**Student:** 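So that we are looking at the same thing, I have put the structure below in structure tokens.
Note that ligands are numbered from 1 as they come in the structure, with each ligand's atoms numbered from 1 the same way. Since this is a predicted model, take the numbers as computed values, not measurements.
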Amino acid sequence: MQRALGEIEAFVHGLDRSIEDERRRLAREVHDQLGQLLTALKMMVHRALQGAPGREQDWPQIEAVLGEGIATVRRISAALRPPLLDDLGLEAALGLAGRQFAERTGLACEVALVDAGQLSADQANQLYRIAQEALTNVARHAQARRVRVEGVAVDGEYRLAVEDDGVGMAPQARSSLGLLSMRERAALAGGELHVGSGAGGGVRIEARVPLIATGGGGG
Ligand SMILES: Nc1ncnc2c1ncn2[C@@H]1O[C@H](COP(=O)(O)OP(=O)(O)OP(=O)(O)O)[C@@H](O)[C@H]1O
Ligand SMILES: [Mg+2]
């Protein structure tokens, strides 16, 4: 009991800390990246406006710096935006996360979800976060080439799995915050997390959460 409480406390602390870390990272990015870019731009435009002979070559550089600024703003606002989950639903939101993951990592990422409409909003949110952490782990630890995210309703429960074809869980691998938080999230959604091996020898993370029967199927 004491240990379980301790673990929950560590989990909550960890969440707080990761939110704090993320805010710090974004603040740094706004300050260092955007601040610097805008300062540089101001100087370049100032010089170019003075029309000093030979300063025409500044314009392509100004254009490049502006492009960088736009990309930075996109990155920061994407990180700040709450997940598209509420608008899109789990299937589309994970589909998008999968495409972004593939783009970022170069891994082949396939997302195949059905039946997700039967999940509660909170369950969908927990499963989204579980899949996110599982994908992060694949990128960090698995040395995989492919990863597959699949979700389906079976026998009154929803099963969401993330399976990679990487090196598998090292025997001496130690659970850190990631696995702990996935377990906690599965529990918060009323279910549990299974960590096992995939068909190709990689890791398979599967969250199983109960579906609440929604009074009668008709209409
Ligand atoms: N897909 C995977 N393939 C291989 N090993 C994995 C995979 N996922 C997790 N592991 C192993 O399990 C360990 C625990 O994962 P966990 O997510 O808890 O911690 P972490 O990713 O190391 O750190 P963090 O707390 O930042 O998530 C990892 O350090 C890694 O050794
Ligand atoms: Mg992790």
**Student:** State whether the number of non-hydrogen atoms from other residues, nucleotides or ligands found under 6.0 Å of Arg47 atom CZ is greater than 12.
**Tutor:**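 It does: Arg47 CZ has more than 12 such atoms within range.
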**Student:** Pull out every atom of ligand 1 sitting under 4.0 Å from any heavy atom of Val203, numbered as shown with elements.
**Tutor:** 1 (N), 2 (C), 3 (N), 4 (C)
**Student:** Of the side chain and backbone of Leu177, name the one, both, or neither that has a heavy atom under 4.0 Å from an atom of ligand 1.
**Tutor:** both
**Student:** Report, in ascending order of atom number, the atoms of ligand 1 lying under 4.0 Å from any heavy atom of Ala173.
**Tutor:** 11 (C), 12 (O), 31 (O)
**Student:** Arg148 and salt bridge (Lys or Arg N to Asp or Glu O under 4.0 Å): which single residue from Glu110, Glu163, Glu206 fits?
**Tutor:** Glu110
**Student:** Suppose we measure from atom 19 (O) of ligand 1 to each protein heavy atom; which comes out shortest, and what is that distance?
**Tutor:**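 Here the nearest protein heavy atom works out to Ser176 CB, 3.1 Å.
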**Student:** Any side-chain heavy atom of Leu96 within less than 4.5 Å of one from Arg99?
**Tutor:**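 SC-SC contact between Leu96 and Arg99 confirmed.
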**Student:** Check Asn137, Val111, Val162 against Val147 for a side chain to side chain contact (heavy atoms under 4.5 Å, CB included) and give me the one that passes.
**Tutor:**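 Among Asn137, Val111, Val162, the one that satisfies the side chain to side chain contact (heavy atoms under 4.5 Å, CB included) with Val147 is Val162.
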**Student:** How far is atom 7 (C) of ligand 1 from its nearest protein heavy atom, and which residue and atom is that?
**Tutor:**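 Result: His141 CB, 4.0 Å.
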**Student:** Judged by modelled atom types alone, do Asp32 and Gln36 share a side-chain donor-acceptor pair under 3.5 Å?
**Tutor:** no
**Student:** Around atom 1 (N) of ligand 1, find the nearest protein heavy atom and jot down its residue, atom name and distance.
**Tutor:** Asp164 OD2, 2.9 Å
**Student:** Taking Gly200's backbone N and O only, do any of them form a donor-acceptor pair with Asp165's side chain (distance below 3.5 Å, no angle check)?
**Tutor:** no
**Student:** Run down the list Glu163, Met169, Arg140, Gln143 and name the one with the heavy atom closest to atom 24 (P) of ligand 1.
**Tutor:**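 Ranked by closest heavy atom to atom 24 (P) of ligand 1, first place is Arg140.
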**Student:** Just wondering, is there an N, O or S atom on Thr136 that's nearer than 2.8 Å to the Mg ion (ligand 2)?
**Tutor:**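 Coordinating: no.
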**Student:** Would you call Glu150 and Arg204 a salt bridge, using N to O less than 4.0 angstrom?
**Tutor:** yes
**Student:** Under 4.0 angstrom from ligand 1, any heavy atom of Gly168?
**Tutor:**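 The answer is yes, since Gly168 has a heavy atom less than 4.0 Å from ligand 1.
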**Student:** Starting from atom 8 (N) of ligand 1, what is the nearest protein heavy atom, named by residue and atom, and what distance separates them?
**Tutor:**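 Atom 8 (N) of ligand 1 sits closest to the protein heavy atom Asn137 CB, 3.4 Å.
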**Student:** Can you name the atoms of ligand 1, numbered from 1 with element, that are less than 4.0 Å from a heavy atom of Glu133?
**Tutor:**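 The atoms of ligand 1 under 4.0 Å from a heavy atom of Glu133 are 17 (O), 27 (O).
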**Student:** Any idea which heavy atoms bring Leu211 and Leu119 closest together, and the distance?
**Tutor:** CD2-CD2, 3.8 Å
**Student:** Can you confirm whether more than 12 heavy atoms, excluding those of Gln50, are under 6.0 Å from its CD atom?
**Tutor:** yes
**Student:** Quick one: does Arg174 get within less than 4.0 Å of ligand 1, heavy atoms only?
**Tutor:** yes
**Student:** Could you tell me which N, O or S atom of Glu133 is nearest to the Mg ion (ligand 2)?
**Tutor:** OE2
**Student:** Could you tell me whether Leu179 and ligand 1 have an N or O pair separated by under 3.5 Å?
**Tutor:**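 Yes.
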